[in-house]
J.: 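Following this message is one structure expressed as structure tokens.
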Protein chains: 2
Amino acid sequence: MPNALATKTAVTCENCNLDKLCIPKGLKRSDVGDLKLVVNRNNIRQKGEAIYHAGSPFRGIVALRSGSAKLLSFDRSGNEVVVEFILPGELLGFDGVSSQRHNCTAVALETVNFCHLPTYQLEALTINNPSFHQVLLQRSCNQFDSQIQKTLLSRRSAEERVAVFLANISDRLKVRGYSELAFRLSMSREEIGNYLGIAHETVSRIVNHFQSLEIIEIKAKQLKILDKKKLLSFYQE
Amino acid sequence: MPNALATKTAVTCENCNLDKLCIPKGLKRSDVGDLKLVVNRNNIRQKGEAIYHAGSPFRGIVALRSGSAKLLSFDRSGNEVVVEFILPGELLGFDGVSSQRHNCTAVALETVNFCHLPTYQLEALTINNPSFHQVLLQRSCNQFDSQIQKTLLSRRSAEERVAVFLANISDRLKVRGYSELAFRLSMSREEIGNYLGIAHETVSRIVNHFQSLEIIEIKAKQLKILDKKKLLSFYQE
DNA sequence: CGACGCTTTGAGGAGATTCAAGACACGTGG
DNA sequence: CCACGTGTCTTGAATCTCCTCAAAGCGTCG
């Protein structure tokens with residue numbers, strides 16, 4: 001069935017508008033050809049549904065095509081801790097590689113569409129194609145890097161954390177071709193606070209403070225950044 | 001010169017007492033043979049000296065043989081932030097993989113001896129030996145996992161953080177065959193505080209509090225854990 | 001339209017920081 | 001071997017940031 005449509009409409013890795021961000025980034029054209037043959041496309045989850053659960057066996061790497069998601073862990077009291085937010089073109093699943101079992105849960109923040117690269121294909125690709133594994137290693141180390149950035153941020157004040165958070169989402173959306181100054185914040189205050197390590201009331205207070213300074217404007221979940229420079233100045237000392 | 005001694009005394013990957021923790025872990029015997037041929041052994045750094053610097057090009061993966069080290073990043077005011085402490089058998093350098101340039105600095109906390117697996121050998125190994133890259137990917141994802149653990153910890157009180165920190169070092173030393181209940185804390189209060197995201201005065205207060213509760217005993221840098229169960233009870237709610 | 005969840009806002013309090021000063025340990029040189 | 005100086009560690013007091021608890025406002029969706 002997918003093949004019947006392939007001639008005209010099907011999206012493959014080669015013509016995906018995310019190919020500059022997703023796994024194909026850094027791969028040769030011919031290698032992308034190998035990739036497109038083994039990827040499961042068009043997996044859907046609705047808001048609140050899980051993409052995978054903590055504790056479940058690792059089944060492969062996931063690439064978000066549209067929508068956004070959160071990656072969660074749980075402390076031993078069972079409280080959610082948001083480890084990362086995931087935007088289109090970003091990869092998911094590295095939390096399952098080292099023990100072959102996920103230690104995080106990935107949940108859709110809105111309807112998401114994702115591709116899935118199953119474990120056994122992953123191994124096959126590796127053998128035939130060393131540069132593929134190189135790319136994968138790079139991406140996984142990337143995750144490590146971004147966790148270090150988060151550590152740095154955790155030393156700053158609540159105000160700085162919120163400022164950097166908003167600027168960071170803006171930057172990532174820009175790279176993806178969306179507007180960097182007006183977008184939907186699909187996560188709740190609760191989730192933002194949880195991610196930044198501060199109470200949701202604190203998030204709310206700071207967001208409203210930024211509004212009163214005319215740095216941002218927020219209605220419902222729609223965010224406008226009025227002065228990104230000023231926003232960043234909160235972090236740049 | 002190393003070859004002349006090889007018959008009797010030289011330590012290679014095959015007879016290294018860290019082979020169950022280091023890169024060889026998870027590799028077949030024959031693969032370890034490939035590895036031992038390309039590793040530079042017996043690199044030394046004195047206390048305070050860097051193993052590599054943030055900003056320098058990535059030259060390969062480092063494996064600590066003896067001594068301990070700290071992995072640092074810097075915030076934009078130039079303050080040190082301790083990202084991780086590294087014990088014997090643990091790997092270093094993943095912070096340089098994704099951009100091919102280190103974004104952390106690694107510094108010896110005492111005299112260290114380490115092995116070095118250079119980039120070009122890394123690539124060669126990958127091509128001839130897929131399982132090797134598999135192991136590398138696993139280790140890098142491990143780093144990611146431990147950063148997530150750190151995030152979880154950053155939500156807890158200062159007391160819990162110190163308790164978990166001490167228990168964690170104890171566990172890691174145990175795996176390495178050292179005593180889990182009596183060891184040298186080679187890092188300063190300052191460095192511990194920096195790692196845990198709390199002031200060094202707070203570390204001092206808590207450590208002394210644990211002493212007064214007869215959970216630990218500390219003289220100079222020598223630590224004795226008198227009641228590990230009680231220590232962990234601080235974290236287990 | 002009503003209910004539920006998310007967000008806002010206020011007041012009070014707890015935990016950790018900061019600043020400051022003194023104790024201690026270690027290495028150097030007399 | 002002891003005196004000295006430097007850096008690390010400890011301890012106390014004042015302060016501050018952020019959290020917790022509580023209640024009200026707003027939006028959204030059946």
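A, B, ... follow the sequence lines: proteins, then strands. Residue 1 opens every chain. Any value given below was found using the heavy atoms of this structure, including those in side chains, with hydrogens, waters and symmetry copies removed.
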J.: Excluding sequence neighbours, so at least two apart, what forms side-chain hydrogen bond (donor to acceptor under 3.5 Å, both in side chains) with A:Gln211?
T.: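 In terms of side-chain hydrogen bond (donor to acceptor under 3.5 Å, both in side chains), with neighbours along the sequence ignored, A:Gln211 is linked to A:Asn208.
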J.: Could you tell me whether the phosphate oxygens of C:dT9, OP1 or OP2, come under 4.0 Å of any side-chain nitrogen or oxygen in A:Asn208?
T.: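 True: A:Asn208 side-chain N/O within range (under 4.0 Å) of C:dT9 OP1/OP2.
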J.: Can you tell me the distance, in whole Å, between the NZ atom of B:Lys219 and the P atom of D:dT10?
T.: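 From B:Lys219 NZ to D:dT10 P: 14 Å.
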J.: Please determine which of B:Leu92, B:Leu91, B:Val62 meets the side chain to side chain contact (heavy atoms under 4.5 Å, CB included) test together with B:Ile86.
T.: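 Only one of B:Leu92, B:Leu91, B:Val62 forms a side chain to side chain contact (heavy atoms under 4.5 Å, CB included) with B:Ile86, namely B:Leu92.
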J.: Round to the nearest Å and state the distance from A:Asn194 atom CG to D:dT20 atom C1'.
T.: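 One finds 16 Å between C1' of D:dT20 and CG of A:Asn194, rounded.
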J.: For each nucleotide in nucleotides 12-25 of chain C, reading 5' to 3', give B when a protein heavy atom comes within less than 4.0 Å of its base, S when such contact involves only the sugar-phosphate, and - otherwise.
T.: ----SBBB------
J.: How long is the line joining CD of A:Glu190 and P of C:dT8, in whole Å?
T.: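 Taking CD of A:Glu190 and P of C:dT8, I get 13 Å after rounding.
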J.: Not counting sequence neighbours, which residues clear salt bridge (Lys or Arg N to Asp or Glu O under 4.0 Å) with B:Lys228? List them please.
T.: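 Only B:Asp171, B:Glu180 meet the salt bridge (Lys or Arg N to Asp or Glu O under 4.0 Å) criterion with B:Lys228.
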J.: Answer with yes or no whether the side chains of A:Ser154 and B:Ser154 bring together a donor and an acceptor at under 3.5 Å.
T.: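 B:Ser154 vs A:Ser154: no donor-acceptor pair found between side chains.
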J.: Determine the minimum heavy-atom distance between A:Cys22 and A:Arg139, stating which atoms define it.
T.: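 Reported closest heavy-atom pair: O-NH1, 3.0 Å.
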J.: Starting at atom CG of A:Leu196, determine the distance to atom P of D:dC19, rounded to an integer number of angstrom.
T.: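 Result: 10 Å.
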J.: Please state how far atom NE2 in A:His209 lies from atom P in C:dT8, giving the value in whole angstrom units.
T.: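 It works out to 15 Å between those atoms.
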J.: Shorter than 3.5 Å, N or O on both sides, protein versus nucleotides 2-7 of chain D: list them out with atom names.
T.:
none

J.: Please state how far atom CD in A:Gln222 lies from atom C1' in D:dT28, giving the value in whole angstrom units.
T.: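 It is 16 Å, rounded to the nearest whole Å.
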J.: Got a sec, which residues hit ring pair (Phe, Tyr, Trp, His ring centres under 6.0 Å) with A:Phe144, two or more places apart in sequence or on another chain?
T.: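 A:Phe144: no ring pair (Phe, Tyr, Trp, His ring centres under 6.0 Å) contacts found.
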J.: With rounding to the nearest 0.5 angstrom, report the CD to NZ distance, B:Glu191 to B:Lys70.
T.: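 With rounding to 0.5 Å, CD (B:Glu191) is 3.5 Å from NZ (B:Lys70).
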J.: How many whole angstroms separate atom CZ of A:Arg189 from atom P of D:dC26?
T.: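 Rounded to whole Å, this separation is 15 Å.
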J.: Below 30° counts as parallel, above 60° as perpendicular, anything between as tilted: where do the rings of A:His102 and A:Tyr52 land?
T.: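 The rings of A:His102 and A:Tyr52 lie parallel, inter-plane angle below 30°.
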J.: Can you check whether A:Lys221 has a side-chain N or O nearer than 4.0 Å to OP1 or OP2 of C:dT7?
T.: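 For C:dT7, OP1 or OP2 has a side-chain N or O of A:Lys221 closer than 4.0 Å.
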J.: Could you check how far CD of B:Gln211 sits from P of D:dT10, rounded to whole Å?
T.: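 B:Gln211 atom CD is separated from D:dT10 atom P by 8 Å.
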J.: Identify, with sequence neighbours excluded, every residue that meets side-chain contact (heavy atoms from CB on, under 4.5 Å) alongside A:Arg155.
T.: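 Applying side-chain contact (heavy atoms from CB on, under 4.5 Å) to A:Arg155 gives A:Thr151, B:Val81, B:Lys150, B:Asn194.
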